[in-house]
Structure formats: C-alpha cells, structure tokens
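Take a look at the structure set out below.
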Amino acid sequence: MYAAAGVLSDALQVFDEMPDRNSVSWNVLITGLVRWGELEYARSLFDEMPEKNVVTWTGMIDGHVRIGRFGEGLSLFQRMVCCENMKPSEITILALMPAVSGLKDMRVCRLVHCYAEKRGLIAFDIRVANSVIDTYAKCGCIESASRFFEDLMERKNLVSWTTIITGLAMHGFGEEAVERFDRMEKAGWKPNRVTFLSVFNACSHGGLVDQGLKFLEKMVNEYQILPDIKHYGCLVDMLARLGRLEEAENLALGIPTEIANVVVWRTLLGACSFHDNVEMAERVTRKIMEMERGYGGDYVLMHNIFVGAGRFGDAEKFRKLMHQRNAIKLPGQSAI
DNA sequence: CTAGGGTTAG
C-alpha cells in the first residue's frame, strides 16, 4: 500500500477512488498519515470516519503520544473507553503508557494499571505488564514498580528484569539493582546488552564502581558481549563522577574509533571540571575539538575551568575561539 | 512488509 511506502498523494488518490472502502482502508491511510507526521490530516480523516474501531483509536493515541502530546493521547483514551464504549487492546495500553510516563502522574498510572488488570490485558500479554513496571518507575514510584514486578512471580521474563533494574538505577538504588541482577541470573535468564546497560547505569548512579567493572568483565568474558558506545558512556561516567579520572580517560581512549562519540568525552570534561583536573580537561577538550567544534557548551566549560585555575589568559583564548568559530550558545548558558 | 510500539548512557 502507498501509505506504508510513504507516497502520500498516491495513497490519498487510491483511497478516493476506492469503491469499497472498509475500516481497514481507513485505518491504513490514517496510520500512514500518522507515521508521516501528518497528524492534523489524520485527525480530520479520523473525525470523518464513519465506524471507528479499536485500531483506529489506538493509531490516533499513538500518533499523539509519539510527538509528545501526552494529554491529548490520554483524553483520546478516555473518550474511547468512556464515551465510545470501545474495548482497548493490549496495543492500546502499550501506545498509551509513554504518555502516562510523560505526564508523571501516579494517579493516572494506577488507573490505567487497574483498568488493564480488570480487562485481563496484563495476564494476557507480558509486554503490558512490563510497560506497567516501567511507567510506575517513570512516574516516580519505584516501590509500586517493584511490588508489581515481584507479584508477576514466574511470568517475569528478561525484559521484566531489565525494566526493574533500569527503574532502580533511575532512582539511585544501585545495591537493589545489583541484587535483582544476581537473582535474575540465578533464575536462569541470560542478560543481554540492554540488561548490562541498565546494571552499569545502576552502578554509576549508585556509586558502585568496582561492582560495575566486575559486570563489564562478566559481560565480555562470560557472555561474549562487546561493549557498545552506551556501555562505554555509562562506565566512563561511573568512574569519572567518583573522581577516578585516569581510569575513565583510559577507558575512553580504548573505545574503537568506529563507535566513539563526542558525548562520552563531554561527560569526562564535566567530571574534570567538577574534580578540578585542568590538565586532563585540556587533553579531553582537544579530543572533543577533533570531533565537534560547534558546541558552545564545551568552550564555556573550558573557559570556566581555566578561570577556576586562575589561568585567565587561557580562559580568554577560549572565549575568543568560541566567537570566532561561531559556536552555538545554548539557552541558560552564560554569555562569555 | 501487508492495520500494531515491552526494557537502552548524558
């Protein structure tokens, strides 16, 4: 179908000339429009559509949620359930949950959770259960996330374990996250690269540096997973934020050039600033400038580091360099 | 592929 291929005008023309349009043709067109960012157009077709079904409503919710219009996504869900007497599917819940996370509203989270429970969708699809764990955590209630997670008992899968570890990491509960990881392995699950990223993040936020390094070894040696850039980023951050700057720098230097990015070095620069290591900051900034010269924040940071060290001449050099290169200043950054 | 999305650094 043209809508899937993204040929919008062709899709619309075919649709106009169709003698036997059914709900599927409407939905194909509407979801195609949503996918291509034509939400307003999709909405007008949606309003025009005679017999909307669950897929139609789900597609509209998804379209709004994807572009961050969380409140509208939620009201569509309310309208669907309360006014139209539709029965949302597991996919509807999955589409809605990022909106609940975005709104960070525990009451809404609990409401949607109860609704999904009552409709049997949590028992029916583990993905719904996993999105409930994630949403409780993102709404700020790690206790509810954890309780719900434990109540899943034997239904937990690798994504459930990974999701709760991610949530615990977000909330700074490093030890608890590590404990889940151990229990997960004992239960016979093989962690994947996402699980390791979550546990690295937990170690980073929880200050568990040596645990984190052990997990790195485990990932590479026991599970034969090569670290990707996100793993490196987490681990560099973990070492750097506790002031183990040399180890962080060495790890960053060991990143294969094909996957290296400026973000890792920027993290390290932030830590150099925090821990007042001017020499390393200069080296790191040189690295950053090899990769990207147009980001104003780097110049501002290096300027401030030099000022903090009393090297006003060098600070001034960076201020000038930033203006020369027309590097972009971001809102909230002091103009130097 | 054919109307659909569970977890992913700073």
Side-chain angles (χ1 to χ4, degrees), chain A residues 1-6 11 22-35 42 49 52-63 65-66 73 88-99 101 116 121-122 124-138 145 149 152 155-170 177 180 184 189 191-205 212 225 227-241 252 255 259 261-271 295 297:
Chain A
M1 183 97 197
Y2 288 118
N22 57 16
S23 58
V24 176
S25 20
W26 281 92
N27 285 338
V28 170
L29 188 60
I30 290 175
T31 50
L33 287 164
V34 166
R35 261 211 300 277
M49 184 169 168
K52 304 187 243 299
N53 60 23
V54 176
V55 176
T56 327
W57 283 92
T58 303
M60 283 312 281
I61 292 171
D62 179 49
V65 173
R66 270 173 202 257
S89 71
E90 70 282 11
I91 308 294
T92 318
I93 307 295
L94 293 175
L96 179 66
M97 281 317 221
S101 301
L121 294 170
I122 289 171
F124 173 73
D125 190 337
I126 187 64
R127 295 178 303 171
V128 176
N130 292 337
S131 79
V132 170
I133 302 172
D134 184 52
T135 307
Y136 270 127
K138 286 182 177 151
F149 168 82
L152 286 176
R155 292 192 52 233
K156 297 193 272 277
N157 67 7
L158 182 61
V159 177
S160 323
W161 287 100
T162 304
T163 306
I164 194 64
I165 292 170
T166 306
L168 289 164
M170 266 171 13
R180 301 301 162 115
M184 178 196 73
W189 294 99
N192 63 17
R193 48 182 60 254
V194 183
T195 320
F196 275 107
L197 183 63
S198 303
V199 82
F200 290 163
N201 199 20
C203 291
S204 168
H205 289 189
I225 299 172
D228 65 31
I229 190 61
K230 289 183 182 179
H231 297 116
Y232 279 114
C234 246
L235 293 165
V236 168
D237 182 46
M238 176 184 81
L239 290 162
R241 74 164 70 206
I255 300 174
I259 62 168
N261 72 19
V262 70
V263 181
V264 175
W265 289 102
R266 212 164 261 155
T267 306
L268 189 52
L269 182 61
Y295 182 73

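In what follows, every chain begins at residue 1, and chains take the letters A, B, ... in the order their sequences are listed.
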Check this one for me: any side-chain N or O of [X] less than 4.0 Å away from OP1 or OP2 of [N]?
{"X": "A:K138", "N": "B:dT8", "result": "yes"}
{"X": "A:H205", "N": "B:dG10", "result": "yes"}
{"X": "A:N201", "N": "B:dG10", "result": "yes"}
{"X": "A:R35", "N": "B:dA3", "result": "no"}

Quiz item: Where the side chain of A:T92 is concerned, which of B:dG10, B:dG4, B:dA9 is the nearest nucleotide?
Solution: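 Within the option list, the nearest is B:dG4.
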Distance alone, cut at 3.5 Å: any donor-acceptor contact between the side chains of [X] and [Y]?
{"X": "A:N201", "Y": "A:S198", "answer": "no"}
{"X": "A:T195", "Y": "A:N192", "answer": "yes"}
{"X": "A:T56", "Y": "A:N53", "answer": "yes"}

Quiz item: If you take atom types as modelled and just measure distance, does the side chain of A:T31 reach the base of B:dG4 with a donor-acceptor pair under 3.5 Å?
Solution: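 Side chain to base: no pair below 3.5 Å.
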Under 4.0 angstrom, heavy atoms only, what part of the nucleic acid is [X] near: base, sugar-phosphate, or nothing?
{"X": "A:I164", "result": "nothing"}
{"X": "A:T163", "result": "sugar-phosphate"}
{"X": "A:I229", "result": "base"}
{"X": "A:D125", "result": "nothing"}
{"X": "A:D237", "result": "sugar-phosphate"}
{"X": "A:N261", "result": "base"}
{"X": "A:S23", "result": "nothing"}

For [X] and [N], what is the distance between atoms [atom1] and [atom2] respectively, to the nearest whole Å?
{"X": "A:L235", "N": "B:dG10", "atom1": "CG", "atom2": "P", "value": "11 Å"}
{"X": "A:R66", "N": "B:dG4", "atom1": "CZ", "atom2": "C1'", "value": "9 Å"}
{"X": "A:R127", "N": "B:dG4", "atom1": "CZ", "atom2": "C1'", "value": "8 Å"}
{"X": "A:D228", "N": "B:dG10", "atom1": "CG", "atom2": "P", "value": "14 Å"}
{"X": "A:I225", "N": "B:dT8", "atom1": "CD1", "atom2": "C1'", "value": "13 Å"}
{"X": "A:L29", "N": "B:dT2", "atom1": "CG", "atom2": "P", "value": "17 Å"}
{"X": "A:I93", "N": "B:dG4", "atom1": "CD1", "atom2": "P", "value": "18 Å"}
{"X": "A:L268", "N": "B:dA9", "atom1": "CG", "atom2": "P", "value": "19 Å"}

Self-check item: Minimal non-hydrogen separation, A:I133 against A:F149, with atom names
Solution: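 Answer, listing the atom of A:I133 first, then A:F149: CD1-CD1, 3.9 Å.
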Practice problem: Taking side chain to side chain donor-acceptor pair (under 3.5 Å) as the test, write out the residues that go with A:N261, two or more places apart. | Solution: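 For A:N261, no residue satisfies side chain to side chain donor-acceptor pair (under 3.5 Å) once neighbours in sequence are set aside.
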Self-check item: Partner residues of A:F196 under the ring-ring contact (aromatic ring centres under 6.0 Å, His included) criterion, sequence neighbours left out
Solution: A:F181, A:Y223
